[in-house]
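Everything on this sheet refers to the single structure shown next.
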Amino acid sequence: MPDKVLDLRNRPLRDLRISVTDKCNFRCRYCMPADIFGPDFEFLPQSKLLTFEEITRLTQIFTSLGVGKIRITGGEPLMRRNLPELIRMIREVEGVQDIAMTTNGSLLSRHAQALKEAGLDRVTVSLDSLDNERFGMLNGRGYQVDSVLDGIRVAADAGLSIKINMVVQRGVNDQDILPMARYFREQGHTLRFIEFMDVGNSNGWRLDQVVPSREIVRMIHEEMPLVATEANYYGEVASRYRYEGSNQEIGLISSVTQAFCSTCTRARLSAEGKLYNCLFASSGDDLREPVRDGRTDEEIRELIRAIWERRDVRYSEERLSETPGLDKREKVEMSHIGG
Ligand SMILES: Nc1nc2c(ncn2[C@@H]2O[C@H](COP(=O)(O)OP(=O)(O)OP(=O)(O)O)[C@@H](O)[C@H]2O)c(=O)[nH]1
Ligand SMILES: C[S@@+](CC[C@H](N)C(=O)[O-])C[C@H]1O[C@@H](n2cnc3c(N)ncnc32)[C@H](O)[C@@H]1O
Ligand code: SF4
Ligand code: SF4
């Protein structure tokens, strides 16, 4: 039985989100704006990345503290070589119940089959528009919608369970809400709408660019009636609705208008081995050195336990209550810890 660990707000440690690279082939404005992440930007060298063996060892230590859900992310995780090998290694760790991956989908058609065979359970594909011109602008590199839809198709054929994530920005892609809802309802995949967030330090976030989830629900409900559904599990990020008369669902991730910090069970491990206790943390605790300097599993486990036990963060709730000085704090970049 894993040894349960609680933070200062009584939140258990249940999910580990592992970033395997800080590199990405996209330059989404809200995450890696091209003017900052340009040709001279220095990404992490290979020697600073956790190896697959180190990631697997840490995963095993995390499961002994209660983690059962693993999400592989990035940057773009499919830019890390031999990723199926890592999935295979994590699959063998006792206590791992669910392995998911978040990807921009552009390289998925090439890798989906191998990922499934290695033991990946689910993929979440990010897609913000079905309109080629707008999508090309949003991803900052002119990638076409079809490259992502192909990836989704191949992943579904390979037997992976699929969700789609759409970040909605007012005046940018809010006209895509209904076309996306119609399309993915027809395809039978759960689409989740994410409120645009003030992650990192450079995405130019403004509150008036956030489309509140309740507005999205109202808009879809008018055309395709929705029924609210119970959460699947404690701490689920998305609130869920199903289309009346079917089991087909959508989800709303309301991190700005209805923060969910009070049940946040997520730890985040960056590609260089820093442990972050919040998506909006200023800094992380290094685990790479302890892993490399010969410490035992038990010592590392106690280190992680101590980090979690002093955790008190609740950034999104503080944003909601307009805590003074919050907007001046330096934050980790989303591409560094993976969302
Ligand atoms: N503020 C905040 N946003 C989060 C958090 N976790 C996820 N998000 C946002 O929600 C998006 C979707 O997250 P996912 O990783 O797909 O959600 P998940 O809960 O792991 O998904 P399922 O396991 O499929 O339910 C992320 O890209 C973030 O934008 C969190 O802890 N805090
Ligand atoms: C940082 S990406 C990493 C994985 C992969 N590259 C992808 O895009 O799916 C993870 C998720 O974070 C979301 N994201 C990035 N910046 C965001 C922001 N400012 N607000 C809300 N979600 C954001 C992306 O849309 C994506 O679904
Ligand atoms: S959201 Fe994902 S695809 Fe877009 S720039 Fe960030 S890491 Fe890359
Ligand atoms: S803002 Fe931080 S504490 Fe709140 S839900 Fe997100 S990651 Fe968890």
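Only a predicted model underlies this, so the values are computations on that prediction, with no experimental measurement involved. Just follow the structure's listing: the first ligand is 1, and inside any ligand the first atom is 1.
Atom 11 (C) of ligand 1 has its nearest heavy-atom neighbour, among Ile194, Val199, Thr265, Leu279, in Ile194. With Arg192, Lys69, Met334 as candidates, the residue nearest to atom 14 (P) of ligand 1 on a non-hydrogen basis is Arg192. By heavy-atom distance, the residue among Arg71, Lys163, Arg17 lying nearest atom 21 (O) of ligand 1 is Arg71.
The closest protein non-hydrogen atom to atom 4 (Fe) of ligand 3 is Cys28 SG, 2.3 Å. Closest protein heavy atom to atom 8 (Fe) of ligand 3: Cys24 SG, 2.3 Å. Nearest protein heavy-atom contact of atom 26 (C) of ligand 1 is Gly339 C, 4.1 Å. The protein heavy atom nearest to atom 2 (Fe) of ligand 4 is Cys278 SG, 2.3 Å. The protein atom (non-hydrogen) at minimum distance from atom 28 (C) of ligand 1 is Met197 CE, 3.8 Å. Nearest protein heavy-atom neighbour of atom 32 (N) of ligand 1: Phe260 CE1, 3.6 Å. Nearest protein heavy-atom contact of atom 6 (Fe) of ligand 3 is Cys31 SG, 2.4 Å. Nearest to atom 31 (O) of ligand 1 among the protein's heavy atoms is Arg266 NE, 2.7 Å. In terms of protein heavy atoms, atom 10 (O) of ligand 1 is closest to Ile253 CG2, 3.4 Å.
Interface of Ser316 with ligand 4, defined as ligand atoms under 4.0 Å from a residue heavy atom, comprises 1 (S). Heavy-atom contacts of Phe260 reach the following atoms of ligand 4: 5 (S) (cutoff under 4.0 Å). For ligand 1, the atoms lying closer than 4.0 Å to a non-hydrogen atom of Ser316 are 1 (N). Heavy-atom contacts of Arg122 reach the following atoms of ligand 1: 22 (P), 23 (O), 24 (O) (cutoff under 4.0 Å). Atoms of ligand 3 lying under 4.0 Å from any heavy atom of Asn104, numbered from 1 in the order shown and given with element: 3 (S). Close contacts between ligand 1 and Arg268 involve ligand atoms 5 (C), 6 (N), 7 (C), 30 (C), 31 (O) [criterion: under 4.0 Å to a heavy atom]. Heavy-atom contacts of Arg268 reach the following atoms of ligand 4: 7 (S) (cutoff under 4.0 Å). The ligand atoms of ligand 1 that sit less than 4.0 angstrom from a heavy atom of Phe280 are 1 (N). Near Leu279, the atoms of ligand 4 lying under 4.0 angstrom from a non-hydrogen atom of the residue are 2 (Fe), 7 (S). Annotation for ligand 4: atoms under 4.0 Å from non-hydrogen atoms of Phe280 are 1 (S).
Between Asp297 and Gln60, the closest side-chain pair of non-hydrogen atoms falls below 4.5 Å.
Where the criterion is an N or O separation shorter than 3.5 Å, residue side chain and backbone included, Thr102 fails it with respect to ligand 1. Any N or O atom pair closer than 3.5 Å counts here, and Ser255 shares no such pair with ligand 1. Between Glu236 and ligand 1, a contact under 3.5 Å exists for no N or O pair.
From Asn277, atom CG reaches atom CG of Asp7 across 8.5 Å, with rounding to the nearest 0.5 Å. With rounding to the nearest 0.5 Å, the separation of CD in Glu85 from CD in Glu53 is 8.0 Å. With rounding to the nearest 0.5 Å, the separation of CD1 in Ile99 from NZ in Lys69 is 13.0 Å. The CZ atom of Phe26 sits 11.5 Å away from atom SG of Cys31, with the distance rounded to the nearest 0.5 Å. A distance of 10.0 Å separates CD of Glu133 from CD of Gln144, quoted to the nearest 0.5 Å.
Residue Gln113 is tested with Arg110, Glu117, His111 for a side chain to side chain donor-acceptor pair (under 3.5 Å); the sole match is Glu117.
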Note to self: Please evaluate residues Arg242 and Glu249 with respect to the criterion salt bridge (Lys or Arg N to Asp or Glu O under 4.0 Å), reporting the C-alpha separation (whole Å), side-chain torsions for both, the decisive distance (0.1 Å), and the verdict.
What the structure shows: CA-CA 4 Å; Arg242 62 178 174 79; Glu249 289 181 12; over 6 Å; no
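By the 4.0 Å heavy-atom criterion, Glu317 is excluded from the residues contacting ligand 4. Ligand 3 lies within reach of Gly75, whose nearest heavy atom is under 4.0 Å from it. Residue contacts with ligand 1: Tyr233 is included, with a non-hydrogen atom under 4.0 Å away.
Between Phe184 and His189, the two ring planes are tilted [angle within 30° to 60°]. Between Tyr315 and Phe280, the angle of the ring planes stays under 30°, which puts this pair in the parallel group of the 30/60° scheme.
Counting non-hydrogen atoms of other residues, nucleotides and ligands closer than 6.0 Å to CD of Glu223 gives a total above 12. A 6.0 Å sphere centred on CZ of Arg9 holds more than 12 heavy atoms belonging to other residues, nucleotides or ligands.
Between the side chains of Thr257 and Glu195, at least one donor N or O lies within less than 3.5 Å of an accepting N or O.
Checked for salt-bridge contact, Asp285 and Lys274 miss the test: no charged N lies under 4.0 Å from a carboxylate O. Looking at Arg80 and Asp22, no side-chain N of the basic residue comes within less than 4.0 Å of a carboxylate O on the acidic one, giving no salt bridge.
Contacts between Asn165 and ligand 1 below 4.0 angstrom, taking non-hydrogen atoms only, involve the side chain exclusively.
Cluster membership for Ile216 and Val167, using ILVMFWY side-chain heavy atoms within less than 4.5 angstrom, is not shared.
Contact between Val168 and Phe193 at its shortest, heavy atoms only, is CG2-CD2, 3.9 Å.
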